[in-house]
Amino acid sequence: MTAPPAASAFLPTVENKTPPPGPAPSGMVWIPGGEFSMGAQDPPDIKDTVGMQATTDSRPVHRAYVDGFWMDATEVTNQQFAAFVKATGYVTIAERKPRQEDFPTAPPENLKAGSVVFSPPNHAVPLNDHFQWWAYVDGANWRHPLTARSSIKGKETFPVVHVAYEDAVAYAQWAGKRLPTEAEWEFAARGGLSGAVFPWGNEFKKDGHWMANTHQGHFPDRDTGVDTFTGIAPVSQFPPNGYGLYDVGGNVWEWVSDWYRPDYYAQLASTGSVARNPHGPDVPFDPDEPTEKKRVHRGGSFLCTDEYCSRYMVGTRGKGEITTGTNHLGFRCVKAPIGG
């Protein structure tokens with residue numbers, strides 16, 4: 001799959017020239033910040049007609065500026081999250097039994113701790129009904145990512161998953177960090193490239209090599225694993241982008257701090273000026289589920305494919321209800337320089 005050249009709406013990225021403010025914190029890389037064109041061009045000529053209908057929320061392309069910051073080179077791993085839990089005793093939302101007052105119409109027997117797991121059918125299904133391949137699994141959580149009996153033993157370097165937004169925030173605060181804004185995340189993921197479709201350029205495979213952990217085969221029923229992995233992969237198994245970040249396309253989606261609104265980019269573009277350090281809209285709104293509070297996801301996952309949800313494309317956006325985790329959703333953190 002080869003994407004078309006960058007659209008004219010993309011202007012050059014102007015990086016800040018200030019050098020890194022001292023040695024990098026452990027596991028982090030310096031993102032210089034600067035002014036860039038944010039958003040996604042019209043989708044390339046690929047097979048995905050269902051998933052890409054949702055990318056209108058990543059347009060219009062507009063100019064944004066972010067200050068420099070440190071960013072985790074990888075998604076937070078099981079090992080790192082386990083250290084946080086051991087130190088604090090923290091219990092994730094997926095490990096807590098839902099409260100009757102929060103779900104007054106639910107039968108008590110249905111109020112069980114658990115999380116949402118990709119559960120592929122054994123046959124082809126229509127792609128306009130995601131309930132065909134997602135299931136709520138009792139006992140699924142970050143320690144037990146597939147079933148109540150599954151384990152992360154031996155998967156210490158895999159991204160932690162089944163983390164809701166407040167779980168990610170709790171970890172970040174403990175680590176002396178925070179979640180990135182959507183603008184920070186996209187500036188970093190672009191790695192200095194302006195208007196490229198993917199974090200590494202405009203061709204999905206670079207010099208014939210796989211660049212991300214994604215879904216090959218027929219979605220959702222068959223992942224052939226041609227890229228070496230079926231399902232989630234350990235972090236940093238594919239080349240980093242221009243800033244030294246791993247897995248900013250594919251593997252697992254990542255929480256960012258912005259509330260989700262599909263019209264937010266239009267609001268920014270309408271000002272006619274550069275959005276400086278934007279932090280997202282003041283309130284969330286998703287017309288598909290207007291009563292749900294959602295924040296933005298970025299980066300795509302091991303389930304992204306040119307048949308459905310090709311949002312490993314760097315400018316595109318995801319969204320998620322803030323109390324819901326899945327087995328294809330994680331996060332990474334950022335940190336402002338001292339005095340920044």
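The structure displayed is predicted, hence computed values, not measured ones. Computed from heavy atoms alone, side chains included, the values below leave out hydrogens, waters and symmetry copies. Numbering starts at 1 and runs along the sequence shown.
Checked for salt-bridge contact, Arg143 and Glu95 meet the test: a charged N lies under 4.0 Å from a carboxylate O. A salt bridge links Asp288 with Lys319: the distance from a Lys NZ or Arg NE/NH1/NH2 to an Asp or Glu carboxylate oxygen falls below 4.0 Å. A salt bridge links Glu289 with Lys294: the closest approach of a Lys/Arg side-chain nitrogen to an acidic carboxylate oxygen falls below 4.0 angstrom. Salt-bridge formation is detected for the pair Glu184/Arg178: a Lys NZ or Arg NE/NH1/NH2 atom is positioned less than 4.0 Å from an Asp or Glu carboxylate oxygen. Ion pairing between a basic and an acidic side chain is recognised when a charged N comes within 4.0 Å of a carboxylate O; Arg332 and Glu254 show such pairing. Salt bridge annotation for Lys335-Asp72: absent, with no cationic side-chain nitrogen under 4.0 angstrom from a carboxylate oxygen.
Of the residues Trp142, Tyr171, Tyr165, Trp185, the one that meets the ring pair (Phe, Tyr, Trp, His ring centres under 6.0 Å) test with Phe331 is Tyr171.
When only modelled atom types and interatomic distance are considered, Gln80 and Thr77 share a side-chain donor-acceptor pair under 3.5 Å. Side-chain contact annotation: His162 with Ser115, donor-acceptor N/O pair under 3.5 Å present. Donor-acceptor pairing under 3.5 Å is recorded for the side chains of Asp67 and Tyr65. No side-chain donor-acceptor contact under 3.5 Å links Asp247 and Asn213.
Panel note: side chain Glu101, backbone Arg99; no donor-acceptor pair is recorded below 3.5 Å. Judged by distance alone, the side chain of Ser301 and the main-chain N or O of Asn251 form no donor-acceptor pair under 3.5 Å. Formation of a donor-acceptor pair under 3.5 Å by the Arg298 side chain with backbone atoms of Val314 is found in this model. In this structure, Asn241 contributes its side chain and Ala189 its backbone to a donor-acceptor pair below 3.5 Å. A donor-acceptor pair under 3.5 Å is formed between the side chain of Asp167 and the backbone N or O of Ile93. Side chain of Arg190 to backbone of Ala196: a donor-acceptor contact under 3.5 angstrom is found. Glu321 contributes a side-chain N or O that, together with a main-chain N or O of Thr324, makes up a donor-acceptor pair within less than 3.5 Å. Proximity of a side-chain donor or acceptor of Ser37 to a complementary backbone N or O of Leu11 within less than 3.5 Å is detected.
Heavy-atom minimum distance, Pro199 versus Gly249: CG-N, 4.2 Å. Among all heavy-atom pairs drawn from Val161 and Pro145, the shortest one is CG2-CB, 4.2 Å. Smallest separation of non-hydrogen atoms from Gly192 and Glu15: CA-OE2, 3.6 Å. For Pro159 against Glu75, the heavy-atom pair with the smallest separation is CG-OE1, 3.4 Å. For His218 against Ala124, the heavy-atom pair with the smallest separation is CE1-CB, 3.7 Å. Across all non-hydrogen atoms, the minimal contact from Phe229 to Asp223 is O-OD2, 4.0 Å.
Taking the ring centroids of Phe285 and Tyr260, they lie at or beyond the 6.0 Å cut-off. Checked against the 6.0 Å centroid criterion, the rings of Trp210 and Phe238 do not qualify as a close aromatic pair. The aromatic ring centres of Phe84 and Tyr90 sit less than 6.0 Å apart. For Trp134 and His328, the ring centers are positioned less than 6.0 Å apart. A distance below 6.0 Å separates the ring centres of Trp133 and Phe219.
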Practice task
Decide side-chain hydrogen bond (donor to acceptor under 3.5 Å, both in side chains) for Asn141 and His144; before the verdict, give the C-alpha distance in whole Å, the side-chain angles of both, and the deciding distance to 0.1 Å.
Solution key: CA-CA 5 Å; Asn141 54 56; His144 309 289; 4.5 Å; no
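Taking the six-membered ring where tryptophan is involved, the planes of His297 and Trp255 are perpendicular, since the angle between them exceeds 60° and thus also 30°.
Using a 4.5 Å cut-off on side-chain heavy atoms (C-beta onward), Phe187 and Ile31 make contact.
A cation-pi geometry, defined here as NZ or CZ lying under 6.0 Å from the six-membered ring centre and within 45° of its normal, holds between Arg317 and Tyr265.
Within a 6.0 Å sphere centred on CD of Gln100, other residues, nucleotides and ligands contribute more than 12 heavy atoms.
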